[in-house]
Protein chains: 2
Amino acid sequence: MMISTKGRYALNILLDLSQHADEGYISLKKISQRQKLPIKYLEAIVSVLNKSGMVESLRGKEGGYRLTKKPEDYTIGSIIKLAEGSIAPVSCLESENCAQACHCLTLPLWMKLEGLIDAYLESVTLKDLLEQKIS
Amino acid sequence: MMISTKGRYALNILLDLSQHADEGYISLKKISQRQKLPIKYLEAIVSVLNKSGMVESLRGKEGGYRLTKKPEDYTIGSIIKLAEGSIAPVSCLESENCAQACHCLTLPLWMKLEGLIDAYLESVTLKDLLEQKIS
DNA sequence: TAAATTCCTTGTGATATAATAGGAAATGAA
DNA sequence: TTCATTTCCTATTATATCACAAGGAATTTA
(Lines give C-alpha, C1' and ligand atoms only; values in the text may rest on other atoms or scores of the structure.)
Protein backbone atom coordinates (compact mmCIF):
# COMPACT_ATOMS: atom_id res chain seq x y z
CA MET A 1 0.00 0.00 0.00
CA MET A 2 1.47 3.25 -1.09
CA ILE A 3 -1.20 5.53 0.35
CA SER A 4 -2.28 4.82 3.93
CA THR A 5 -4.96 6.41 6.09
CA LYS A 6 -2.61 9.33 6.76
CA GLY A 7 -2.81 10.50 3.18
CA ARG A 8 -6.46 9.59 2.75
CA TYR A 9 -7.56 11.31 5.96
CA ALA A 10 -5.50 14.39 5.07
CA LEU A 11 -7.42 14.53 1.83
CA ASN A 12 -10.71 14.06 3.69
CA ILE A 13 -9.87 16.92 6.05
CA LEU A 14 -9.01 19.31 3.21
CA LEU A 15 -12.10 18.30 1.22
CA ASP A 16 -14.27 18.92 4.28
CA LEU A 17 -12.65 22.32 4.84
CA SER A 18 -13.25 23.14 1.15
CA GLN A 19 -16.92 22.26 1.40
CA HIS A 20 -17.35 24.47 4.47
CA ALA A 21 -14.95 27.26 3.55
CA ASP A 22 -17.64 29.91 4.09
CA GLU A 23 -18.23 28.94 7.74
CA GLY A 24 -14.99 30.37 9.18
CA TYR A 25 -12.85 28.12 11.32
CA ILE A 26 -13.99 24.49 11.37
CA SER A 27 -13.22 22.35 14.42
CA LEU A 28 -11.82 18.84 14.21
CA LYS A 29 -14.84 17.73 16.22
CA LYS A 30 -17.14 18.63 13.34
CA ILE A 31 -14.86 17.09 10.73
CA SER A 32 -14.53 13.98 12.86
CA GLN A 33 -18.32 13.64 13.07
CA ARG A 34 -19.02 14.37 9.43
CA GLN A 35 -16.25 12.16 8.04
CA LYS A 36 -16.69 9.52 10.77
CA LEU A 37 -12.96 9.47 11.57
CA PRO A 38 -11.23 9.34 15.00
CA ILE A 39 -10.55 12.87 16.25
CA LYS A 40 -7.29 12.06 18.04
CA TYR A 41 -5.83 10.62 14.85
CA LEU A 42 -7.01 13.61 12.85
CA GLU A 43 -5.18 15.87 15.32
CA ALA A 44 -1.86 14.28 14.42
CA ILE A 45 -2.56 14.53 10.69
CA VAL A 46 -3.82 18.11 10.67
CA SER A 47 -0.76 19.14 12.67
CA VAL A 48 1.43 18.38 9.66
CA LEU A 49 -0.91 20.26 7.33
CA ASN A 50 -0.81 23.23 9.71
CA LYS A 51 2.96 23.35 10.08
CA SER A 52 3.41 23.29 6.33
CA GLY A 53 0.99 26.16 5.85
CA MET A 54 -1.70 24.21 4.00
CA VAL A 55 -4.23 25.21 6.66
CA GLU A 56 -4.25 27.84 9.39
CA SER A 57 -5.59 27.35 12.88
CA LEU A 58 -7.29 29.27 15.65
CA ARG A 59 -7.23 27.97 19.21
CA GLY A 60 -9.94 28.26 21.82
CA LYS A 61 -13.71 28.40 21.62
CA GLU A 62 -15.04 28.87 18.08
CA GLY A 63 -11.55 27.87 16.92
CA GLY A 64 -10.59 25.32 14.33
CA TYR A 65 -8.95 25.20 10.92
CA ARG A 66 -9.42 26.76 7.52
CA LEU A 67 -7.73 26.63 4.13
CA THR A 68 -5.01 29.14 3.27
CA LYS A 69 -5.55 28.81 -0.48
CA LYS A 70 -8.31 28.13 -2.97
CA PRO A 71 -9.20 24.45 -3.60
CA GLU A 72 -7.80 24.65 -7.14
CA ASP A 73 -4.40 25.56 -5.69
CA TYR A 74 -3.96 22.27 -3.79
CA THR A 75 -2.69 19.39 -5.89
CA ILE A 76 -3.45 15.89 -4.63
CA GLY A 77 0.22 15.07 -5.09
CA SER A 78 1.36 17.81 -2.73
CA ILE A 79 -1.14 16.67 -0.08
CA ILE A 80 -0.24 12.98 -0.29
CA LYS A 81 3.49 13.64 -0.36
CA LEU A 82 3.20 15.84 2.70
CA ALA A 83 1.03 13.47 4.73
CA GLU A 84 2.78 10.26 3.70
CA GLY A 85 6.31 11.66 3.44
CA SER A 86 6.71 10.25 -0.08
CA ILE A 87 4.86 8.67 -2.97
CA ALA A 88 7.74 6.34 -3.92
CA PRO A 89 6.27 2.94 -4.92
CA VAL A 90 9.46 1.12 -3.82
CA SER A 91 11.81 1.84 -0.91
CA CYS A 92 14.92 1.93 -3.11
CA LEU A 93 13.71 5.26 -4.49
CA GLU A 94 13.80 6.87 -1.05
CA SER A 95 16.61 8.48 0.90
CA GLU A 96 18.97 5.55 1.41
CA ASN A 97 20.75 4.93 -1.89
CA CYS A 98 20.85 1.30 -2.94
CA ALA A 99 24.35 -0.19 -3.20
CA GLN A 100 23.58 -1.96 -6.47
CA ALA A 101 21.81 1.07 -7.95
CA CYS A 102 24.41 1.64 -10.68
CA HIS A 103 23.99 -1.82 -12.20
CA CYS A 104 20.35 -2.53 -11.33
CA LEU A 105 18.08 -3.63 -14.17
CA THR A 106 14.93 -2.53 -12.39
CA LEU A 107 15.82 0.97 -11.21
CA PRO A 108 14.71 2.69 -14.46
CA LEU A 109 11.37 0.89 -14.16
CA TRP A 110 10.74 2.18 -10.63
CA MET A 111 11.81 5.69 -11.57
CA LYS A 112 9.46 5.78 -14.52
CA LEU A 113 6.63 4.36 -12.41
CA GLU A 114 7.13 7.00 -9.74
CA GLY A 115 7.22 9.70 -12.41
CA LEU A 116 3.92 8.45 -13.81
CA ILE A 117 2.23 8.43 -10.41
CA ASP A 118 3.62 11.84 -9.53
CA ALA A 119 2.52 13.40 -12.81
CA TYR A 120 -1.02 12.14 -12.40
CA LEU A 121 -1.45 13.16 -8.77
CA GLU A 122 0.04 16.59 -9.49
CA SER A 123 -2.45 17.06 -12.32
CA VAL A 124 -5.49 16.75 -10.06
CA THR A 125 -6.59 19.40 -7.53
CA LEU A 126 -9.03 19.51 -4.64
CA LYS A 127 -11.40 21.45 -6.90
CA ASP A 128 -11.40 18.59 -9.44
CA LEU A 129 -12.43 16.16 -6.71
CA LEU A 130 -15.15 18.47 -5.40
CA GLU A 131 -16.56 18.78 -8.92
CA GLN A 132 -16.16 15.07 -9.58
CA LYS A 133 -14.03 15.78 -12.63
CA ILE A 134 -12.14 12.49 -12.68
CA SER A 135 -12.13 10.74 -16.08
CA MET B 1 5.12 1.37 -0.09
CA MET B 2 3.20 -0.45 -2.74
CA ILE B 3 5.95 -2.80 -3.84
CA SER B 4 7.92 -4.52 -1.06
CA THR B 5 10.91 -6.86 -1.19
CA LYS B 6 8.56 -9.71 -2.10
CA GLY B 7 7.79 -8.21 -5.47
CA ARG B 8 11.30 -6.87 -6.03
CA TYR B 9 12.99 -10.16 -5.13
CA ALA B 10 10.53 -12.09 -7.31
CA LEU B 11 11.59 -9.85 -10.18
CA ASN B 12 15.26 -10.37 -9.30
CA ILE B 13 14.80 -14.15 -9.33
CA LEU B 14 13.09 -14.15 -12.72
CA LEU B 15 15.67 -11.77 -14.21
CA ASP B 16 18.47 -14.01 -12.96
CA LEU B 17 16.77 -17.07 -14.42
CA SER B 18 16.37 -15.20 -17.72
CA GLN B 19 20.06 -14.32 -17.84
CA HIS B 20 21.06 -17.95 -17.22
CA ALA B 21 18.28 -19.66 -19.15
CA ASP B 22 20.79 -21.72 -21.16
CA GLU B 23 22.33 -23.33 -18.07
CA GLY B 24 19.47 -25.70 -17.23
CA TYR B 25 18.11 -25.62 -13.70
CA ILE B 26 19.50 -22.83 -11.54
CA SER B 27 19.69 -23.36 -7.76
CA LEU B 28 18.56 -20.74 -5.25
CA LYS B 29 22.04 -20.92 -3.80
CA LYS B 30 23.49 -19.43 -6.98
CA ILE B 31 20.76 -16.81 -7.27
CA SER B 32 21.19 -15.95 -3.61
CA GLN B 33 24.95 -15.42 -4.13
CA ARG B 34 24.65 -13.49 -7.37
CA GLN B 35 21.83 -11.23 -6.22
CA LYS B 36 23.10 -11.04 -2.62
CA LEU B 37 19.72 -11.92 -1.16
CA PRO B 38 18.88 -14.25 1.77
CA ILE B 39 18.29 -17.77 0.44
CA LYS B 40 15.66 -18.74 2.99
CA TYR B 41 13.59 -15.70 2.08
CA LEU B 42 13.97 -16.45 -1.62
CA GLU B 43 12.62 -19.95 -0.95
CA ALA B 44 9.31 -18.53 0.24
CA ILE B 45 9.07 -16.19 -2.73
CA VAL B 46 9.99 -18.71 -5.43
CA SER B 47 7.44 -21.11 -3.96
CA VAL B 48 4.64 -18.79 -5.08
CA LEU B 49 6.18 -18.41 -8.53
CA ASN B 50 6.46 -22.18 -8.78
CA LYS B 51 2.89 -22.94 -7.70
CA SER B 52 1.52 -20.44 -10.22
CA GLY B 53 3.53 -22.03 -13.03
CA MET B 54 5.83 -19.08 -13.70
CA VAL B 55 8.83 -21.32 -13.08
CA GLU B 56 9.33 -25.07 -12.88
CA SER B 57 11.52 -26.86 -10.37
CA LEU B 58 13.73 -29.95 -10.06
CA ARG B 59 14.68 -31.31 -6.66
CA GLY B 60 17.93 -32.89 -5.63
CA LYS B 61 21.49 -32.48 -6.77
CA GLU B 62 21.84 -30.37 -9.93
CA GLY B 63 18.30 -29.25 -9.27
CA GLY B 64 16.89 -25.75 -9.18
CA TYR B 65 14.46 -23.61 -11.14
CA ARG B 66 13.95 -22.47 -14.71
CA LEU B 67 11.49 -20.31 -16.63
CA THR B 68 8.46 -21.93 -18.26
CA LYS B 69 8.07 -19.17 -20.84
CA LYS B 70 10.18 -16.74 -22.82
CA PRO B 71 11.18 -13.48 -21.03
CA GLU B 72 8.96 -11.46 -23.36
CA ASP B 73 5.95 -13.44 -22.14
CA TYR B 74 6.25 -12.27 -18.52
CA THR B 75 4.74 -8.85 -17.79
CA ILE B 76 6.09 -7.01 -14.77
CA GLY B 77 2.48 -6.46 -13.69
CA SER B 78 1.74 -10.18 -13.56
CA ILE B 79 4.88 -10.82 -11.49
CA ILE B 80 4.28 -8.02 -8.99
CA LYS B 81 0.59 -8.84 -8.60
CA LEU B 82 1.43 -12.48 -7.95
CA ALA B 83 4.20 -11.82 -5.43
CA GLU B 84 2.52 -8.92 -3.63
CA GLY B 85 -1.08 -10.11 -3.93
CA SER B 86 -2.21 -6.77 -5.38
CA ILE B 87 -0.98 -3.49 -6.83
CA ALA B 88 -3.78 -1.40 -5.32
CA PRO B 89 -2.31 1.93 -4.14
CA VAL B 90 -4.97 2.28 -1.41
CA SER B 91 -6.63 -0.36 0.76
CA CYS B 92 -10.17 0.73 -0.12
CA LEU B 93 -9.62 -0.74 -3.60
CA GLU B 94 -9.04 -4.21 -2.19
CA SER B 95 -11.47 -6.96 -1.16
CA GLU B 96 -13.37 -5.25 1.65
CA ASN B 97 -15.78 -2.78 0.09
CA CYS B 98 -15.80 0.61 1.79
CA ALA B 99 -19.11 1.58 3.40
CA GLN B 100 -18.98 5.13 2.08
CA ALA B 101 -17.88 4.02 -1.38
CA CYS B 102 -21.06 5.20 -3.08
CA HIS B 103 -20.68 8.82 -1.96
CA CYS B 104 -16.89 9.07 -1.75
CA LEU B 105 -15.26 11.96 -3.58
CA THR B 106 -11.90 10.22 -3.80
CA LEU B 107 -12.81 6.75 -5.05
CA PRO B 108 -12.68 7.71 -8.78
CA LEU B 109 -9.19 9.14 -8.17
CA TRP B 110 -7.89 5.89 -6.66
CA MET B 111 -9.48 3.81 -9.38
CA LYS B 112 -7.89 5.88 -12.12
CA LEU B 113 -4.52 5.79 -10.34
CA GLU B 114 -4.62 2.02 -10.04
CA GLY B 115 -5.58 1.74 -13.71
CA LEU B 116 -2.62 3.89 -14.67
CA ILE B 117 -0.16 1.82 -12.63
CA ASP B 118 -1.59 -1.43 -13.91
CA ALA B 119 -1.47 -0.34 -17.54
CA TYR B 120 2.17 0.67 -17.26
CA LEU B 121 3.37 -2.44 -15.43
CA GLU B 122 1.46 -4.66 -17.86
CA SER B 123 3.15 -2.91 -20.77
CA VAL B 124 6.67 -3.87 -19.69
CA THR B 125 8.11 -7.41 -19.88
CA LEU B 126 11.18 -9.15 -18.48
CA LYS B 127 12.75 -8.85 -21.92
CA ASP B 128 12.36 -5.07 -21.84
CA LEU B 129 14.23 -4.94 -18.54
CA LEU B 130 16.98 -7.24 -19.77
CA GLU B 131 17.48 -5.02 -22.81
CA GLN B 132 17.23 -1.84 -20.73
CA LYS B 133 14.36 -0.60 -22.86
CA ILE B 134 12.81 1.69 -20.28
CA SER B 135 12.04 5.23 -21.44
C1' DT C 1 -14.58 32.34 34.74
C1' DA C 2 -15.94 28.46 32.09
C1' DA C 3 -16.29 25.93 28.04
C1' DA C 4 -14.25 24.72 23.93
C1' DT C 5 -10.59 24.10 21.18
C1' DT C 6 -5.73 23.50 19.44
C1' DC C 7 -1.24 21.79 20.66
C1' DC C 8 2.19 18.55 22.56
C1' DT C 9 4.24 14.27 24.29
C1' DT C 10 3.79 9.64 25.12
C1' DG C 11 1.96 4.97 24.96
C1' DT C 12 -0.20 0.81 22.78
C1' DG C 13 -2.24 -3.06 20.29
C1' DA C 14 -2.52 -5.01 15.86
C1' DT C 15 -0.62 -6.09 11.61
C1' DA C 16 2.88 -6.49 8.06
C1' DT C 17 7.60 -6.98 6.73
C1' DA C 18 11.62 -9.41 6.38
C1' DA C 19 13.47 -12.69 7.45
C1' DT C 20 15.40 -17.37 10.31
C1' DA C 21 15.21 -22.37 11.97
C1' DG C 22 14.85 -27.01 11.41
C1' DG C 23 14.04 -30.72 9.07
C1' DA C 24 11.57 -34.01 5.47
C1' DA C 25 11.60 -35.53 0.72
C1' DA C 26 13.68 -36.06 -3.69
C1' DT C 27 17.43 -36.46 -7.05
C1' DG C 28 21.80 -37.13 -9.48
C1' DA C 29 26.59 -38.42 -9.04
C1' DA C 30 30.25 -41.14 -6.98
C1' DT D 1 23.94 -47.82 -2.48
C1' DT D 2 25.23 -43.96 -0.36
C1' DC D 3 25.84 -39.18 0.02
C1' DA D 4 25.84 -34.47 -1.01
C1' DT D 5 22.76 -31.32 -2.78
C1' DT D 6 18.63 -29.23 -3.48
C1' DT D 7 13.64 -28.32 -3.18
C1' DC D 8 9.74 -28.29 -0.11
C1' DC D 9 7.16 -27.53 4.18
C1' DT D 10 5.89 -25.83 8.72
C1' DA D 11 6.93 -23.06 12.22
C1' DT D 12 9.11 -18.97 14.85
C1' DT D 13 11.09 -14.32 15.49
C1' DA D 14 12.57 -9.56 15.26
C1' DT D 15 11.55 -5.15 13.73
C1' DA D 16 8.90 -1.56 11.96
C1' DT D 17 4.79 0.67 10.66
C1' DC D 18 -0.11 1.63 11.17
C1' DA D 19 -3.80 3.34 13.45
C1' DC D 20 -5.02 4.97 16.88
C1' DA D 21 -5.77 6.47 22.45
C1' DA D 22 -4.49 9.11 26.88
C1' DG D 23 -3.59 12.96 29.34
C1' DG D 24 -2.89 17.35 29.90
C1' DA D 25 -1.02 22.27 28.83
C1' DA D 26 -2.00 26.52 26.37
C1' DT D 27 -5.18 29.52 24.18
C1' DT D 28 -9.40 31.94 23.01
C1' DT D 29 -14.21 33.49 23.01
C1' DA D 30 -18.71 33.93 25.23
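The sequence lines fix the lettering, A, B, ..., with proteins before strands; numbering per chain opens at 1.
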**Q.** side-chain N/O S4(A) vs dA19(D) OP1/OP2, d < 4.0 Å
**A.** yes
(Q) Just N and O in the side chain of N50(B): are any of them under 4.0 Å from OP1 or OP2 of dC8(D)? (A) yes
Q. Which of these nucleotides, dA30(D), dG28(C), dA19(C), is closest to any side-chain atom of E62(B)?
A. dG28(C)
Q) Do T106(A) and L129(B) touch side chain to side chain, with heavy atoms closer than 4.5 Å? A) yes
Q.
Expressed as a whole number of angstroms, how long is the span from R66(A):CZ to dT28(D):P?
A. 14 Å
(Q) Within the 4.5 Å heavy-atom criterion, are T125(A) and D73(A) side-chain neighbours or not? (A) no
Q) Which one, dA19(C), dA21(D), dT27(C), comes nearest to the side chain of L58(B)? A) dT27(C)
**Q.** Gap between atoms CD1 and P, on I39(A) and dT5(C) respectively (whole Å)
**A.** 8 Å
**Q.** Phosphate-side-chain proximity, K61(A) and dA2(C), N/O vs OP1/OP2 below 4.0 Å
**A.** no
Q.
So does S78(A) get a backbone contact from the side chain of T75(A), meaning a donor-acceptor N/O pair under 3.5 Å?
A. yes
Q. Can you check whether Y65(A) has a side-chain N or O nearer than 4.0 Å to OP1 or OP2 of dC7(C)?
A. yes
(Q) Just the rounded figure in Å: distance from C1' of dT17(C) to CD1 of I3(B). (A) 15 Å
Q: For E43(A), enumerate each residue passing the side-chain hydrogen bond (donor to acceptor under 3.5 Å, both in side chains) test, keeping only those at least two apart in sequence or located in another chain.
A: none
Q: Specify the residue among K51(A) and E84(B) whose closest nucleotide of DNA chain C lies further upstream toward the 5′ end.
A: K51(A)
Q: Could I get the full list of ring-ring contact (aromatic ring centres under 6.0 Å, His included) partners for Y41(B), not counting sequence neighbours?
A: Y9(B)
Protein and nucleotides 11-14 of chain C: nitrogen or oxygen contacts under 3.5 angstrom:
none

Q.
With a 4.0 Å cutoff (strictly under), does any side-chain N or O of S57(B) reach OP1 or OP2 of dT7(D)?
A. no
Q. Could you state the CE-C1' distance from M2(A) to dA16(C), rounded to the nearest angstrom?
A. 17 Å
Q: For S57(A), enumerate each residue passing the side-chain hydrogen bond (donor to acceptor under 3.5 Å, both in side chains) test, keeping only those at least two apart in sequence or located in another chain.
A: N50(A)
Q. If only atom types and distance count, is the side chain of T68(B) paired as donor or acceptor with the main-chain N or O of M54(B) below 3.5 Å?
A. yes
Q | Candidate nucleotides dC8(D), dG24(D), dA19(D), ranked by approach to the side chain of E43(B) - the nearest | A | dC8(D)
Q: Please report the C-alpha distance between Y65(B) and L14(B) in whole Å, then the side-chain angles of each, then the deciding distance to 0.1 Å, and finally whether the side chain to side chain contact (heavy atoms under 4.5 Å, CB included) criterion is met.
A: CA-CA 10 Å; Y65(B) 300 89; L14(B) 293 174; over 6 Å; no
Q.
Using whole Å, what does the distance between atom C1' of nucleotide dT6(C) and atom NZ of K40(A) come to?
A. 10 Å
Q) What residues form a side-chain hydrogen bond (donor to acceptor under 3.5 Å, both in side chains) with E72(B), not counting sequence neighbours? A) none
**Q.** Separation of dA18(C) P from N12(B) CG (nearest whole Å)
**A.** 13 Å
Q: Give a yes or no on whether the backbone of K69(B) and the side-chain of Y74(B) come within a donor-acceptor separation of less than 3.5 Å.
A: yes
Q: Starting at atom CG of L49(B), determine the distance to atom P of dC8(D), rounded to an integer number of angstrom.
A: 11 Å
**Q.** Members of residues 13-38 of chain B that approach DNA chain C, where some heavy atom sits under 4.0 Å away
**A.** P38(B)
Q.
Given dA21(D), dA19(C), dT7(D), identify the nucleotide with an atom nearest to the side chain of R59(B).
A. dT7(D)
Q: Please report, rounded to the nearest Å, how far the C1' atom of dC20(D) is from the OH atom of Y9(A).
A: 9 Å
